[in-house]
Amino acid sequence: MQGAPQDWPLLVHTILDHAARWHGDRKVVARRADGRIARTTYADVHTEAQKITGRLVASGLAPGERVGALCWNTDRHLSLWYGVMGAGLVHHTVNPRLFEEQISFIVNDAEDRIMFTDITFLPLLEKLRDQLTTVRQIIVLADRADVPETSLEVTAWDDWLDGAEPHPWVSVPETAPCGMCYTSGTTGLPKGVVYSHRSNVLHALGMSVPDVLGLSARDVVMPIVPMFHANGWSLAFSAPLNGTALVLPGAALDGASVYELMEDEGVTFSAAVPTVWLGLFKHMESTGQRLSSLSRVVIGGSACPPAMTKKFEEIYGVEVLHAWGMTEMSPLGTVASLLPQHDSISAEDKLALKDTQGRVPYTVEMKVTDDENRELPHDGKTFGRLKVRGPAVAGAYFKNAGAENFDEDGWFDTGDVAHISPDGFMKITDRSKDVIKSGGEWISSIDLENLAMLHPDVAEAAVIGVPHPKWDERPLLVIVPQPGAAQDGAAILDSMRPHIAKWWLPDEVTFVSEIPHTATGKIQKTKLRDAFQDVYKGAAA
Ligand code: ADP
């Protein structure tokens with residue numbers, strides 16, 4: 001053939017090259033772990049990342065070796081991420097909210113050689129140090145003067161980088177691994193997911209298009225979702241790819257701190273799990289404050305309750321993008337963006353579409369099957385196992401853990417149960433292990449939770465299946481009431497009754513002061529099931 005495009009490998013550090021060269025002055029503002037605000041730019045982040053690459057190359061690590069990071073979202077963590085990838089190494093973001101045994105398990109399983117950490121996590125590392133058998137050095141993302149007393153042998157950031165010069169990126173193929181993140185392990189041990197340069201670049205491009213996140217150089221993006229959760233929802237890649245300004249909130253994720261930084265920095269776009277937004281609402285409701293710059297939020301990690309979408313859109317004028325994804329998908333799978341045929345539908349019907357997890361972007365293939373792997377119709381009601389594949393979907397876990405989740409045609413079984421509408425909107429009805437089976441029929445716990453959340457006295461709701469002598473399992477509604485609200489279970493059930501089949505209605509309502517969450521903000525249903533397993537024991541058989 002006479003002519004062909006250039007062989008230009010999809011390397012993730014080319015994203016930062018682009019941002020530094022063409023959006024070099026764009027701000028990257030961070031609240032560092034010590035609470036101070038750092039004001040930098042993409043040009044600064046690029047320079048620092050290449051100094052880090054230089055130091056790592058000099059440290060003698062072999063290409064593909066892992067470097068751990070127990071770090072908040074800050075400018076330094078962003079530079080570190082690129083510096084590690086640019087050195088041909090693998091940046092392993094460690095979730096500090098996991099149980100301590102899980103943290104030592106994943107650091108050892110990944111065989112992290114160096115551990116980077118914020119000062120916040122030094123006490124945790126002091127406890128775990130003896131168990132971390134592969135870590136040779138600990139580097140703290142703080143200046144020497146700010147490193148607190150510690151029994152650990154550590155190097156301060158400024159000392160480590162003192163005298164370092166920017167070093168060119170190390171040449172690797174686009175299929176080389178560059179990132180790693182463990183699933184939170186709600187079932188069994190956490191499993192390692194590995195990202196390549198190519199998967200991260202393709203995923204960041206896929207995230208950027210208008211019907212997905214629609215990022216632009218006009219946006220000021222605040223990723224509240226920590227970089228250690230599910231590849232940081234790819235914002236460390238998609239934001240610089242689009243030259244958007246970045247505002248990184250560090251350790252202060254409470255409503256008041258998030259609000260203050262958002263307003264001070266003119267944030268237009270943000271991303272977080274539902275519980276974070278509950279904190280922001282609570283803050284704004286108690287102070288009467290409004291959002292002056294925020295225009296869009298992406299909400300995912302667990303189902304976004306319609307009451308949350310309604311409040312954001314109708315009270316605060318902020319558009320909600322409800323997204324579904326998984327660590328295994330880099331992480332984006334679907335977004336509930338409406339189509340032209342929905343322009344004329346009622347506000348209520350639009351809200352119902354945004355209650356679904358949405359449609360796939362290019363690069364994600366998706367299907368729903370029965371237990372025999374037969375594909376189910378897109379009729380908006382027949383639910384089954386949700387399966388996906390694509391260039392940014394894991395093809396295997398690290399060290400081949402959990403091989404049963406992948407079939408010979410490359411489909412990954414997500415463990416979610418869902419249906420797909422004729423318009424292509426996917427709706428998760430449950431995790432396969434959380435489905436409630438009552439008298440042989442499935443009940444969706446998520447639908448019930450969303451309905452309960454619509455009641456004004458409800459701050460948070462969880463529905464679990466509890467053993468029942470007659471029906472096998474029956475739903476139990478667990479509620480955290482709004483502060484000062486009446487605890488009237490019958491009234492809440494009455495408000496749900498008109499919207500569901502009679503036999504879906506929970507038999508009981510229990511009020512609690514707190515619902516347990518996993519390290520990534522999901523309701524810990526196993527704990528609730530343990531706590532309430534005897535509730536229906538005395539019911540008539
Ligand atoms: P982890 O496994 O570490 O908790 P993940 O983010 O990888 O974190 O979890 C992925 C799972 O989270 C999905 O399989 C799904 O069950 C749930 N999830 C994510 N987003 C949504 C959403 N928008 N609606 C319902 N469930 C969601």
Side-chain angles (χ1 to χ4, degrees), residues 12-13 52-71 77 80-118 121-122 124-141 152-155 160 169-170 172-173 175-185 188-200 226-232 236 327-328 330 394-403 405-406 519-520:
V12 91
H13 40 255
I52 294 166
T53 291
R55 279 287 179 264
L56 290 168
V57 168
S59 73
L61 295 187
E65 284 202 281
R66 273 76 59 202
V67 166
L70 264 170
C71 304
H77 189 185
L80 174 66
W81 198 333
Y82 278 94
V84 170
M85 298 184 300
L89 301 169
V90 175
H91 186 71
H92 170 205
T93 49
V94 182
N95 184 344
R97 296 173 181 157
L98 296 173
F99 299 124
E100 288 174 13
E101 313 81 74
Q102 290 179 319
I103 295 176
S104 31
F105 167 78
I106 69 172
V107 171
N108 289 336
D109 190 61
E111 299 166 36
D112 293 335
R113 300 291 177 212
I114 304 179
M115 181 58 73
F116 288 86
T117 182
D118 272 316
F121 306 118
L122 285 173
L124 174 69
L125 281 174
E126 284 168 2
K127 271 197 258 170
L128 299 183
R129 183 66 187 104
D130 289 345
Q131 293 147 50
L132 307 181
T133 51
T134 60
V135 173
R136 297 178 199 148
Q137 191 181 10
I138 298 174
I139 297 170
V140 190
L141 272 65
L152 296 166
E153 198 180 311
V154 299
T155 309
W160 187 60
W169 308 124
V170 170
V172 288
T175 49
C178 69
M180 190 170 189
C181 188
Y182 279 72
T183 62
S184 72
L189 285 170
K191 292 188 270 298
V193 176
V194 176
Y195 309 108
S196 69
H197 284 263
R198 177 186 149 84
S199 71
N200 272 338
M227 292 177 181
F228 53 72
H229 179 204
N231 206 18
T327 306
E328 291 87 337
S330 296
Y397 289 109
F398 189 54
K399 297 183 176 166
N400 227 9
N405 296 303
F406 303 88
T520 50

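A pairwise comparison of heavy atoms in Ala396 and Asn400 identifies CB-OD1, 3.9 Å as the closest pair. Closest approach of Val172 and Ala176 over heavy atoms only: CB-CB, 3.9 Å. Residues Tyr82 and Trp169 come closest through the heavy atom pair O-CZ3, 3.8 Å. Residue Cys71 comes nearest to Phe228 through the heavy atom pair O-CD2, 3.5 Å, listed as atom of the first residue, atom of the second, then distance. Glu153 and Ile138 make their closest contact through O-CB, 4.0 Å (heavy atoms, listed as atom of the first residue, atom of the second, distance). Closest of all the heavy-atom pairs between Asn108 and Leu132 is OD1-CA, 3.5 Å.
Judged as a side chain to side chain donor-acceptor pair (under 3.5 Å), and not counting sequence neighbours, the contacts of Asp112 are His92. Remark: Tyr195 pairs with no residue by the ring pair (Phe, Tyr, Trp, His ring centres under 6.0 Å) rule, at least two apart or across chains. Looking at residues two or more places apart in sequence or on another chain, you find a ring pair (Phe, Tyr, Trp, His ring centres under 6.0 Å) between Phe116 and Trp160. Scored by the side chain to side chain contact (heavy atoms under 4.5 Å, CB included) test, Phe398 finds Arg66, Asp109, Met180, Tyr182, Val194 as partners (sequence neighbours excluded). Residues meeting the side chain to side chain donor-acceptor pair (under 3.5 Å) test with Ser196, sequence neighbours left out: Ser199. Applying the ring pair (Phe, Tyr, Trp, His ring centres under 6.0 Å) criterion to His197, with sequence neighbours excluded, gives His13.
Using a 4.5 Å heavy-atom threshold, the side chains of Asn405 and Glu328 count as separate. Using a 4.5 Å heavy-atom threshold, the side chains of Cys178 and Asn200 count as touching. The shortest distance between side-chain heavy atoms of Arg97 and Pro226 falls below 4.5 Å. Arg113 has its side chain within reach of Thr134: a pair of non-hydrogen atoms, C-beta onward, lies under 4.5 Å apart. Taking 4.5 Å as the limit, some side-chain heavy atom of Val154 sits within range of a side-chain heavy atom of Leu122. In this structure, Thr93 and His77 have side chains that are in contact, with non-hydrogen atoms separated by less than 4.5 Å.
Evaluated for a side-chain hydrogen bond (donor to acceptor under 3.5 Å, both in side chains) with Ser104, the options Gln131, Lys127, Arg129 yield exactly one hit, Gln131.
For Arg55, the CZ atom counts as densely surrounded, since its 6.0 Å shell holds more than 12 non-hydrogen atoms of other residues, nucleotides or ligands.
Atom CD1 of residue Ile114 and atom CG of residue Leu89 lie 8.0 Å apart, to the nearest 0.5 angstrom. Between atom CD of residue Gln137 and atom OG1 of residue Thr155 there is a gap of 4.5 Å, rounded to the nearest 0.5 Å. If you take OG1 on Thr183 and NE2 on His229, they are separated by 10.0 Å, rounding to the nearest 0.5 Å. Note that CG of Leu124 is 7.5 Å distant from OG1 of Thr117, once rounded to the nearest 0.5 Å. Distance check, rounded to the nearest 0.5 Å: OG1 of Thr133 to CD of Glu111 gives 8.5 Å.
Between the side chain of Thr53 and the backbone N or O of Gly83 there is at least one donor-acceptor pair closer than 3.5 Å.
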